[in-house]
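Below is one structure, written out as structure tokens, with a few remarks after it.
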There are 2 protein chains.
Amino acid sequence: MTKLDALDLKILDLLQKDARLTNKEIGLRVHKSITAVYERIKRMEDQGVIKRYVAILDPNQLNRQLNAFTHIQLKDHSKQVLFDFEKTVVAYDEVMECYHMSGSYDFILKISVSDLSAYHDFLINKLFTTAVIGHLESTFVMREAKMDTAFNLDM
Amino acid sequence: MTKLDALDLKILDLLQKDARLTNKEIGLRVHKSITAVYERIKRMEDQGVIKRYVAILDPNQLNRQLNAFTHIQLKDHSKQVLFDFEKTVVAYDEVMECYHMSGSYDFILKISVSDLSAYHDFLINKLFTTAVIGHLESTFVMREAKMDTAFNLDM
DNA sequence: GGTGAAATCTGCATTCT
DNA sequence: AGAATGCAGATTTCACC
């Protein structure tokens, strides 16, 4: 695993903002040849620094305009219960993110659905059927002020 | 704004999992010509259904291995205070996501830093300088069980 | 809305430095 | 390690169904 230099970081910075940039275009911006850019990107893909390339879609045009954060405390914390709960919830389409947390609740889920009624259905038909939930608190996103996948790669 | 049909959804589904698929490859999978695929993607980019293409990087190789969710209650809720707070925090590099919430706290921030010491610095030097914070609670991600940007486009 | 072919541009392997 | 070359293959436009 080679260390990343300033040029690598600059290339990553461009790609995490726009994955459709061609090597030629990147080369122009970092003042390197196409080949140099190509080889560095290839190396970083192989290293796993670049995990994948994805298209970001507009939730509003795909009927996913309601986002909720669901905070969950389990009834008990045996390894098996934690494992099973995690395995079950990550399989649900509505669950975009699932984190096992330190602190006063065990899990934070980010849920993406069409409306409150769909969220209700999700709770009743999916989450509550796991039966290991001790406490649950739902809060809803009124406004998404920032939602970024790109890190600042301070250069 | 044209409505999306089943073919559009299928193409979106492929692209939100792998933005590097060629039109040829997509065409093979949806049984359409390269041009048909090309035109539909172009239309959906213009419509804003496809917002952008990004590279997803590995936080662990970029010194962002600690994620926290910071729950914030403001001291007061005048329009100006809310607006200023939002404007300030979204500008911070450590803040990957910022949501204005309904319920018992006003904002949830997803913070991404290198370690606890960096999180401490972020609180002291950045968040607490806004001076409008009433209550703040930090919880830390111990395990990221799921982190997906792709919606299920049930077809 | 769809197709197929032509033109142009990129990706990627090879070779040279 | 990066630059130059060249071919294969991709994107994009266009004429037509």
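Sequence lines set the chain letters: A, B, ... in the order given, protein chains first and strands last, and positions in each chain run from 1. What's counted below: heavy atoms across the whole structure, side chains too, no hydrogens, waters or symmetry copies.
A donor-acceptor pair is defined here as one N or O able to donate and one able to accept, closer than 3.5 Å; no such pair exists between the side chain of N125(B) and the backbone of F122(B). With hydrogens and angles ignored, the 3.5 Å screen pairs no side-chain donor or acceptor of N63(B) with any backbone N or O of S114(B).
If you check every strand for non-hydrogen atoms under 4.0 Å, R40(B) touches sugar and phosphate atoms only.
With distances taken from any side-chain atom of T22(A) to the nucleotides dG11(C), dC14(D), dG2(D), the minimum falls on dG11(C). For K42(A), the listed nucleotide lying nearest its side chain is dA13(C); candidates were dA13(C), dT13(D), dG2(D). Listed nucleotides dG2(D), dA4(D), dT13(D) differ in distance to L7(A); the shortest reach to its side chain belongs to dG2(D).
The CG atom of L15(A) sits 11 Å away from the P atom of dG11(C) (whole-angstrom rounding).
For dT11(D), the OP1/OP2 oxygens have a side-chain nitrogen or oxygen of N23(B) closer than 4.0 Å. Listed pair Y38(B) / dT3(C) fails the phosphate criterion, with no side-chain N or O lying under 4.0 Å from OP1 or OP2.
Looking at T35(A), its side chain comes within 3.5 Å of the base of dA4(D) through a donor and an acceptor atom.
Residues R20(B) and D5(B) each lie close to DNA chain C; by heavy-atom proximity, the contact nearer the 5' end of the strand is made by D5(B).
K79(B) has no carboxylate O lying under 4.0 Å from a charged side-chain N of D84(B), or vice versa, which leaves the two without a salt bridge.
Seen from the ring of Y53(A), R20(B) counts as a face-on cation partner, given the 6.0 Å and 45° thresholds.
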